[in-house]
Amino acid sequence: MDRKFIISIDGASSTGKSTLARKISNLLKFIHIDSGAMYRAVTLFAKNNHLLSNNLVDKNALIKLLPNIKVDFVKNNIHLNDTDVSKDVRDENISNFVSRVAEIPEVRSFLVTKQRNFTINHNVVMDGRDIGSVVFPNADIKFFLHADLNIRVERRYNELKSLNSNICKEEVKLNIIQRDYTDSNRQDSPLIVPENAISIDVSEFDINSLFEFMMKKIHSRLSQ
Ligand code: DC
């Protein structure tokens, strides 16, 4: 397998991973894979097939249906079985269930195989929770982003408000706290700081200075 240049960006939700990954991939002409969107697409598939109820996922039924799931990126938009679902996967209902779906080992190995396949033909910037630790432990450069909870709540709240004016800040905070807990405490591939990752507290930067800082690190790695 021809191995390409891989940049991993991990961290908790609403730390700006995807925004930065997108900016970096645009500048370098790499492809950007938002692995969180892939877990969200599987969650949407589960919802469409009536496999989500009362905070529970029908795991066995979902595992059986995994071969029916096709997840792709078309011009950076996530597609589920050939339909653009980039808006649908951001729905609060999907956010409330996605950590439960992401803790199912069969779902993880199904998506990890797809994530690894993206690098057969492309240089990639991939963001998520386990990219530098599990998916690409040998990534060329790894970043780990973290930030104060209130800053993350504010970010997510403003993002959601632009989509849905009825959203309540306390609800957003609760969802982030719950997801942090599930993502960090699951058995399979929990959120950790990957070995050799450059760990950054994003509360200390504005997005442009953070982008410049990361680009400096990437350029120095690319020139080695
Ligand atoms: O980045 P995000 O908030 O869109 O991710 C949605 C969920 O997917 C998140 O709660 C954890 C899960 N996830 C994961 O388990 N592993 C990844 N590599 C990416 C996301």
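As the structure is a prediction and not an experimental result, all values here were calculated from the model. Counting convention: from 1, in listed order, for ligands and their atoms alike. Basis for what follows: all heavy atoms, side chains included, without hydrogens, waters or symmetry-related copies.
In terms of heavy atoms, Ala41 sits closest to Ile78 at CB-CG1, 4.1 Å.
When each atom of ligand 1 is checked for a heavy atom of Ala102 under 4.0 Å away, the hits are 12 (C), 15 (O). Listed by atom number, the atoms of ligand 1 under 4.0 Å from Arg90 heavy atoms are 4 (O). The contact set between ligand 1 and Val98, taken as ligand atoms under 4.0 Å from a residue heavy atom, comprises 6 (C), 7 (C), 8 (O), 10 (O). Remark: ligand 1 atoms within the under-4.0 Å shell around heavy atoms of Ser99 are 10 (O).
Between Arg156 and Glu92, at least one side-chain nitrogen of the basic residue sits less than 4.0 Å from a carboxylate oxygen of the acidic one, meeting the salt-bridge criterion. Between Arg186 and Asp130 there is no salt bridge, since no side-chain N of the basic residue sits under 4.0 Å from a carboxylate O of the acidic one. In this structure, Glu103 does not pair ionically with Arg108, as no charged nitrogen and carboxylate oxygen lie closer than 4.0 Å. Salt bridge annotation for Lys70-Asp82: present, with a cationic side-chain nitrogen under 4.0 angstrom from a carboxylate oxygen.
Of the protein's non-hydrogen atoms, Gly36 CA, 3.5 Å is the one closest to atom 20 (C) of ligand 1. Atom 3 (O) of ligand 1 has its closest protein heavy atom at Arg179 NH1, 2.8 Å. Nearest protein heavy-atom neighbour of atom 16 (N) of ligand 1: Arg108 NH2, 3.0 Å. With hydrogens left out, the protein atom closest to atom 18 (N) of ligand 1 is Asp130 OD1, 2.8 Å, a heavy atom. At the shortest separation from atom 8 (O) of ligand 1 among protein heavy atoms lies Tyr39 CB, 3.6 Å. When only non-hydrogen protein atoms are considered, atom 19 (C) of ligand 1 lies nearest to Ser35 OG, 3.3 Å. Of all protein heavy atoms, the one closest to atom 4 (O) of ligand 1 is Arg40 NE, 2.7 Å.
Comparing Met126, Arg129, Arg100 against atom 1 (O) of ligand 1, the shortest heavy-atom distance belongs to Arg129.
The main-chain N or O of Ile218 is never found under 3.5 Å from a side-chain atom of Asp140 such that the two would form a donor-acceptor pair. Of the possible donor and acceptor atoms, one in the side chain of Asp206 sits under 3.5 Å from a partner among the backbone N and O of Ser209.
Taking distance alone, with nitrogen or oxygen atoms compared against 3.5 Å, Asp34 stays at or beyond that limit from ligand 1.
Put simply, part of Arg186 is less than 4.0 Å from ligand 1, judged by heavy atoms.
Under the ring pair (Phe, Tyr, Trp, His ring centres under 6.0 Å) criterion, Tyr181 pairs with no residue, sequence neighbours left out.
Counted by atom type alone, His32 and Asn26 present zero donor-acceptor pairs between their side chains at under 3.5 Å.
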